[in-house]
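Here the structure comes first, spelled out in structure tokens, and everything after it is commentary.
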Amino acid sequence: MNDTLRLGERAQAMIDALATISADQGRLTRLYLSPEHKRAANLIGEWMRRAGLTVRMDAAATMHGSRAAAIEGPRARKRLLLGSHIDTVVDAGKYDGNLGVVVAVIAADELRTRGVALPFELEVLAFGDEEGVRYPKTLISSSTIAGSVEASVLDLTDAQGMTMGAALAEFGADSSHLTAEAYNRADVLGYLEVHIEQGPVLDQAGEALAVVSAIASQGRYRATVKGEAGHAGTVPMAVRHDALAGAAEIIGLIEEIARKGARASLVATVGEIRASPGASNVIPGGAEFSIDVRAADDATRTAAADAIRQSAKQIALKRGLIFGMETVHEKPVAVCAPRLKRAIAAAVTGVTGKAPRELMSGAGHDGQAMIRLTDIGMIFVRCRAGISHNPLELVSVADMGLAVEALIATIEEIAKERA
Ligand code: GLV
Ligand code: MN
Ligand code: MN
């Protein structure tokens with residue numbers, strides 16, 4: 001077996017081991033600060049130690065594995081950060097996030113065994129909250145390091161009413177240091193992340209790897225519709241204030257606004273909905289749903305969110321309902337740094353024999369938070385048919401091997417620049 005395939009096989013074994021750690025039988029669900037997140041974090045800590053890294057867990061439950069620079073003096077304090085996330089969506093694929101952490105751990109181990117001396121510290125990060133499924137806010141763990149998290153996030157509650165502060169305590173993380181975890185910008189060289197593409201471009205093009213140009217603008221909102229609960233058998237249709245029927249009309253309109261948008265990159269999704277009181281013989285008095293809006297530029301995304309808000313209000317007015325739309329997460333376009341894109345492109349060209357294409361990421365990533373701290377660079381890996389957030393997500397062993405080699409070569413490119 002050649003070296004690249006050996007690295008791919010190793011990545012596959014680690015991905016498969018992580019995929020067994022789930023809250024659900026027969027499907028992968030691993031939410032931030034859950035017992036499964038803890039088990040996965042412990043396993044990664046163990047792998048980091050075996051890779052010769054010094055391990056610690058921070059106040060937001062991120063695992064850090066670091067290796068000192070091979071030089072001395074003030075320049076040795078500079079750190080190159082690598083990482084991704086180990087939380088998943090509900091009924092997830094096993095590569096989203098997890099692949100980036102696994103590839104970074106293997107790359108760090110390979111650099112050690114190959115005796116590569118680096119003129120900077122290398123640090124692998126396994127973030128716990130990129131998906132934002134459990135709490136209304138997302139990117140908590142990367143925002144903590146980037147210094148943009150506020151202590152008030154500890155009061156956010158999950159669907160069971162458990163605060164993030166209580167969940168961190170149960171996890172064993174000392175959240176009293178949350179805002180003190182911020183890294184100093186002057187100590188950081190950049191943040192590199194390997195992630196599956198989650199789109200079909202590379203698969204259709206027959207290419208294994210790409211350089212990410214930027215991460216799309218994203219907003220997440222919580223919409224509420226208030227109506228009047230009543231008896232399903234007695235209240236005539238003409239005098240009802242059915243919150244769920246109103247929500248349904250609004251959701252149809254959200255889809256239309258995104259479909260008819262001026263830019264093809266505009267997408268809008270309602271992925272979660274609740275009606276209350278929630279009984280088959282009661283007219284819903286309330287409805288609550290999520291709205292996720294993304295686009296390649298901030299203006300398109302914010303204009304679409306404004307259009308949704310205005311049109312939803314008109315629908316609510318017509319039906320005698322009250323509509324509210326609260327922003328819970330907002331990130332502008334995160335542009336990848338030209339110097340890191342160049343290093344990645346040179347590395348991928350060396351590894352695959354072909355200059356990589358640049359791709360925009362429609363999916364959100366920890367880089368959207370890390371860009372507040374440092375330059376970001378991302379390598380995309382082909383996934384079958386672009387399927388993601390789905391258990392059918394698949395990456396080949398060969399591509400994972402190439403991703404490890406590309407990350408190693410990128411780190412070496414950056415080391416050359418600094419030498
Ligand atoms: C995370 O996968 C996101 O893009 O929402
Ligand atoms: Mn991800
Ligand atoms: Mn995801």
Side-chain angles (χ1 to χ4, degrees), residues 4 7-8 11-12 15 18-19 28 82-89 92-104 106-107 127 130-131 139 191-218 264-267 269 292 294-296 331 333-336 340-341 343-345 347-349 351-368 370-371 376-407 409-410:
T4 307
L7 296 172
Q12 186 68 67
I15 288 285
L18 282 170
L28 175 57
L82 318 174
S84 195
H85 62 99
I86 55 170
D87 64 325
T88 74
V89 292
K94 54 189 177 181
Y95 301 89
D96 179 358
N98 292 280
L99 180 65
V101 175
V102 160
V103 166
I106 299 175
F127 295 121
E130 186 255 14
E131 302 290 5
L139 305 179
Y191 171 72
L192 294 177
E193 176 165 350
V194 170
H195 201 286
I196 57 169
E197 181 200 340
Q198 304 180 282
V201 178
L202 287 177
D203 199 24
Q204 283 170 3
E207 293 162 15
L209 305 173
V211 184
V212 176
S213 55
I215 308 171
S217 176
Q218 181 185 5
S265 68
L266 177 65
V267 287
T269 307
D292 182 310
R294 309 186 195 201
K331 286 277 182 250
V333 172
V335 179
C336 295
L340 296 179
K341 285 197 304 181
I344 292 169
V348 172
T349 306
V351 166
T352 64
K354 189 172 172 220
R357 70 176 67 220
E358 279 198 14
L359 283 180
M360 165 101 193
S361 174
H365 299 291
D366 287 297
Q368 290 171 294
M370 296 302 277
I371 202 162
I376 63 164
M378 289 189 73
I379 302 174
F380 264 172
V381 186
R382 158 172 60 190
C383 60
R384 185 183 60 186
I387 296 169
S388 183
H389 282 188
N390 182 317
L392 295 176
E393 200 172 273
L394 186 76
V395 181
S396 75
V397 166
D399 286 358
M400 287 190 280
L402 290 172
V404 176
E405 290 289 15
L407 182 61
T410 305

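Residue numbers start at 1 and run along the sequence shown. If you're wondering where the values come from, they're calculated on a predicted model, not measured in any experiment.
The closest side-chain heavy-atom distance from Ile376 to Leu340 is not below 4.5 Å. You'll find the side chain of Leu209 reaches within 4.5 Å of the side chain of Val381, heavy atoms only. Using a 4.5 Å cut-off on side-chain heavy atoms (C-beta onward), Ile15 and Leu99 make contact. Looking at Pro356 and Val211, their side chains come closer than 4.5 Å, going by heavy atoms from C-beta outward. Looking at Leu407 and Ile106, their side chains never come closer than 4.5 Å, going by heavy atoms from C-beta outward. Taking the side chain as every heavy atom from C-beta outward, Arg384 and Leu392 approach each other to under 4.5 Å. Considering only heavy atoms from C-beta on, His365 stays 4.5 Å or farther from Val212 through its side chain. Between Thr4 and Val351, every side-chain heavy-atom pair lies at or beyond the 4.5 Å cut-off.
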Please test Thr88 against Asn98 for side chain to side chain contact (heavy atoms under 4.5 Å, CB included), starting from the C-alpha separation and ending with a verdict. CA-CA 9 Å; Thr88 74; Asn98 292 280; 4.0 Å; yes
Assess the residue pair Leu139 and Asp366 against the criterion (side chain to side chain contact (heavy atoms under 4.5 Å, CB included)); give the C-alpha distance rounded to whole Å, side-chain angles, the decisive distance to 0.1 Å, and a yes or no. CA-CA 6 Å; Leu139 305 179; Asp366 287 297; 3.6 Å; yes
Could you give me the CA-CA distance, side-chain angles and deciding distance for Leu192 and Ile379, then say whether side chain to side chain contact (heavy atoms under 4.5 Å, CB included) is met? CA-CA 8 Å; Leu192 294 177; Ile379 302 174; over 6 Å; no
Let me see the working for Glu193 and Phe127 under side chain to side chain contact (heavy atoms under 4.5 Å, CB included), right down to the final yes or no. CA-CA 11 Å; Glu193 176 165 350; Phe127 295 121; 5.7 Å; no
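Considering only residues two or more places apart in sequence or on other chains, His85 meets the ring pair (Phe, Tyr, Trp, His ring centres under 6.0 Å) condition with His195. For Leu359, the side chain to side chain contact (heavy atoms under 4.5 Å, CB included) criterion is met by Glu197, Val201, Leu202, Ala210, Arg357, Phe380, not counting sequence neighbours. Here Asp203 pairs with nothing under the side-chain hydrogen bond (donor to acceptor under 3.5 Å, both in side chains) rule; sequence neighbours left out.
Under the 3.5 Å distance criterion, the side-chain polar atoms of Tyr95 are left unmatched by any main-chain donor or acceptor of Ser388. Judged purely by atom type and a 3.5 angstrom limit, Ser84 has no side-chain atom pairing as donor or acceptor with the backbone of Gly100. Using a distance-only test at 3.5 Å, with no hydrogens or angles considered, a donor-acceptor pair links the side chain of Glu393 to the main chain of His389.
Atom CG in Asp87 sits 6.5 Å away from atom CD in Glu130 (nearest 0.5 Å). Between the CD1 atom in Ile387 and the CD atom in Gln198 there is a gap of 12.5 Å [rounded to 0.5 Å]. A distance of 12.0 Å separates CZ in Arg294 from CG in Leu266, rounded to the nearest 0.5 Å. Separating the OG atom in Ser217 from the NZ atom in Lys331 is a distance of 11.0 Å, to the nearest 0.5 Å.
Scanning all heavy atoms of the two residues, the minimum distance from Gly377 to Ile344 falls at C-CD1, 3.8 Å. The minimum heavy-atom distance between Ala208 and Asp399, with the atom names listed, is CB-OD1, 3.4 Å.
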